[in-house]
2 protein chains.
Amino acid sequence: MTLASILIVDPDIKSRSQIAYGLRELGHDVSETHDAGSALAAVRVKKPDLMVCDCALPDLAGVELLSDVRGSDEFRAMRVLMTSDRSKSDDVVSALKSGADDFVGKPINMQEFLARVDACLRRPANHTESRQVRAGAITVDTVGHRVSVGGNFVSLAPREYRLLLFLLSNQDRVYSRKQLLLHVWDKDSSVGPRTVDVHIRRLRSLLEPFECDGYLQTVRGSGYRFSLTV
Amino acid sequence: MTLASILIVDPDIKSRSQIAYGLRELGHDVSETHDAGSALAAVRVKKPDLMVCDCALPDLAGVELLSDVRGSDEFRAMRVLMTSDRSKSDDVVSALKSGADDFVGKPINMQEFLARVDACLRRPANHTESRQVRAGAITVDTVGHRVSVGGNFVSLAPREYRLLLFLLSNQDRVYSRKQLLLHVWDKDSSVGPRTVDVHIRRLRSLLEPFECDGYLQTVRGSGYRFSLTV
DNA sequence: CGCTATTGTTTCGGTTTTGTTACACGAGTC
DNA sequence: GACTCGTGTAACAAAACCGAAACAATAGCG
């Protein structure tokens with residue numbers, strides 16, 4: 001990643017333009033915003049490789065913006081380098097703990113800053129997707145598309161997999177057949193509601209050898225629910 | 001990585017013991033050395049997860065020790081955090097450029113230091129462009145573009161090689177045909193998705209004599225995956 | 001230029017998956 | 001207890017999907 005798209009979030013025009021200048025010198029594609037709101041908008045549009053963000057923003061703490069980004073599936077992989085006044089030494093710790101890739105104190109030493117930016121971009125993305133969804137003995141590896149129950153791999157048909165994953169990620173909630181069709185089947189598919197029953201049954205019989213079939217619960221008159229408690 | 005094995009390389013007893021104390025407080029397994037020579041020996045024996053190394057060593061520049069480590073296949077993955085007197089501002093840049101994972105200036109702010117150590121350990125190993133990629137009996141030499149299975153060299157066509165290497169370096173992940181086309185074929189090439197099937201098949205038949213064809217797994221409805229576990 | 005290795009396409013056939021339907025069962029209600 | 005509605009179960013047929021193989025196009029090489 002030699003040339004990157006970088007977003008600077010800093011309310012202070014002076015340091016913002018100083019940073020922007022240094023990065024543009026190196027050929028990076030730089031955008032600038034002054035608060036968290038416009039930063040989020042810019043992130044959605046530009047999908048930058050790196051966000052350089054000050055800890056003190058007018059509308060939201062920089063660390064909270066960071067948490068927001070790390071919490072979203074879509075932008076979790078984006079690198080984030082936080083900055084802050086050197087006097088506020090707590091910021092370093094809280095920024096790094098919240099998942100910042102690096103931190104640079106102000107006033108900025110441009111040589112160091114650029115070296116750290118480079119290092120950030122060179123590194124493989126850190127905060128990768130959350131892989132596993134778990135419930136009791138059941139584990140679903142969403143990246144490897146694998147399901148294991150009590151350590152044994154269980155092979156599921158595609159639709160069974162999607163159904164189980166959906167129910168597992170939304171435990172303790174009842175879904176009507178119609179709702180399940182909406183979420184697990186294609187939105188426009190015209191499939192009879194009894195189809196859901198059949199798939200629930202198939203899932204149950206697959207989970208039965210491990211005594212996990214009870215987690216798929218029928219709610220008479222309403223639909224189905226996944227829950228560990230009876 | 002909550003508890004780590006950490007090696008401190010610093011000629012100055014004071015800062016060395018200060019650092020060691022802070023790390024031990026957190027429960028890490030800490031060793032100490034004072035120069036590059038004993039550091040290399042210690043690295044070989046202890047295989048630490050992280051080396052904290054000062055830039056000014058009596059027998060060798062800290063940055064050169066870093067380069068040595070990064071140059072070896074065996075220890076490339078070790079994290080390295082460099083330290084140096086804050087006045088010597090060049091050190092930051094040269095350390096990061098040489099592949100340090102992070103840098104902290106002295107005098108050390110212990111809170112910041114520990115947060116940065118944590119961040120280092122949390123991150124996936126960075127400098128992993130190792131010469132060899134391995135999985136089970138399969139070894140891919142990325143420099144010599146050679147593949148051996150159980151000691152026997154296997155000759156692969158270019159595309160087969162790229163496909164195998166890609167899947168091997170991303171084990172246990174399912175890739176759709178589209179994704180594979182994106183990664184293994186050229187980004188804009190308009191190639192039919194079934195082409196992937198054919199290449200998977202060819203790879204399988206090449207691996208079959210060594211009973212490794214099972215590692216290339218079909219995930220019905222989703223794509224393919226390389227995995228050592230069935 | 002001609003040969004060969006590589007690469008992509010297509011077709012065919014078998015298997016798995018999937019939705020439907022028919023029927024049995026069982027809980028709740030009167 | 002009998003009736004009814006909703007659900008469980010099993011069998012079946014259609015559709016989707018993948019593996020295998022044959023074939024065509026292309027590139028590389030002498």
Side-chain angles (χ1 to χ4, degrees), chain A residues 145-147 153-167 174-209 212-227 230, chain B residues 145-147 153-167 174-209 212-226:
Chain A
H145 274 236
R146 283 218 257 208
V147 178
F153 283 119
V154 178
S155 96
L156 300 187
R159 183 119 300 148
E160 289 158 10
Y161 174 83
R162 287 179 61 182
L163 179 57
L164 179 65
L165 181 57
F166 177 77
L167 289 173
V174 177
Y175 288 94
S176 68
R177 294 174 172 72
K178 200 176 267 182
Q179 287 177 309
L180 288 174
L181 286 176
L182 222 70
H183 284 113
V184 178
W185 276 254
D186 294 323
K187 291 223 164 72
D188 52 349
S189 81
S190 57
V191 174
R194 297 302 311 279
T195 298
V196 176
D197 299 32
V198 177
H199 281 273
I200 290 281
R201 157 153 165 62
R202 287 175 182 156
L203 266 183
R204 279 190 184 139
S205 64
L206 285 166
L207 297 177
E208 200 192 341
C212 289
D213 51 318
Y215 300 157
L216 289 170
Q217 300 167 357
T218 306
V219 181
R220 212 181 157 77
S222 299
Y224 295 96
R225 164 184 59 200
F226 185 101
S227 176
V230 192
Chain B
H145 274 231
R146 281 222 251 199
V147 178
F153 282 114
V154 177
S155 95
L156 299 188
R159 183 117 302 149
E160 287 158 11
Y161 174 82
R162 288 181 60 182
L163 179 56
L164 179 64
L165 181 58
F166 178 77
L167 289 172
V174 172
Y175 288 93
S176 67
R177 294 173 174 73
K178 204 176 263 183
Q179 288 178 306
L180 288 174
L181 286 176
L182 219 70
H183 284 113
V184 178
W185 277 254
D186 294 322
K187 290 220 165 69
D188 51 350
S189 81
S190 59
V191 174
R194 296 300 308 276
T195 299
V196 176
D197 299 31
V198 178
H199 282 271
I200 290 280
R201 164 163 156 54
R202 288 174 181 155
L203 267 182
R204 278 191 185 139
S205 64
L206 286 166
L207 297 177
E208 200 192 342
C212 289
D213 51 319
Y215 300 158
L216 290 171
Q217 300 167 356
T218 306
V219 180
R220 208 154 220 279
S222 295
Y224 294 96
R225 162 184 61 201
F226 185 102

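Just so we're on the same page: letters track the sequence lines, and every chain starts at 1.
For A:H145, the side-chain hydrogen bond (donor to acceptor under 3.5 Å, both in side chains) partners at least two apart in sequence or on another chain are B:S222. By the side-chain hydrogen bond (donor to acceptor under 3.5 Å, both in side chains) test, A:S227 is found to be paired with A:D172, A:T229, residues two or more places apart in sequence or in another chain being considered. Shown here are the side-chain hydrogen bond (donor to acceptor under 3.5 Å, both in side chains) partners of A:T218, two or more places apart in sequence or in another chain: A:R204.
In 5' to 3' order, the nucleotides of DNA chain D bounding all contacts with chain B (an atom under 4.0 Å from a heavy atom) are D:dC17 to D:dA21.
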Would you list the atom pairs, donor with acceptor, under 3.5 Å between side chains in residues 158-167 of chain B and any protein atom, with sequence neighbours excluded?
{"residue": "B:E160", "atom": "OE1", "partner": "B:A157", "partner atom": "N", "Å": "2.9"}
{"residue": "B:R162", "atom": "NE", "partner": "B:V184", "partner atom": "O", "Å": "3.4"}
{"residue": "B:R162", "atom": "NH2", "partner": "B:V184", "partner atom": "O", "Å": "2.9"}

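When B:R194, B:R201, B:H199 are each tested for a side-chain hydrogen bond (donor to acceptor under 3.5 Å, both in side chains) with B:D197, only one passes: B:R194.
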task = Starting at the 5' end of nucleotides 7-19 of chain C, put B wherever the base has a protein heavy atom under 4.0 Å, S where only the sugar-phosphate does, and a dash everywhere else.
result = BBBB----BSSBB
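Taken from CD in A:Q179 to OH in A:Y224, the straight-line distance is 14.0 Å, to the nearest 0.5 Å.
The two residues B:P209 and B:L206 come nearest to each other via the heavy atoms CD-O, 3.3 Å.
Environment of CZ in B:R146: sparse, with no more than 12 heavy atoms of neighbouring residues, nucleotides or ligands closer than 6.0 Å.
Residue contacts for B:Y161: at a heavy-atom cut-off of 4.0 Å it reaches no nucleic acid atom on any strand shown.
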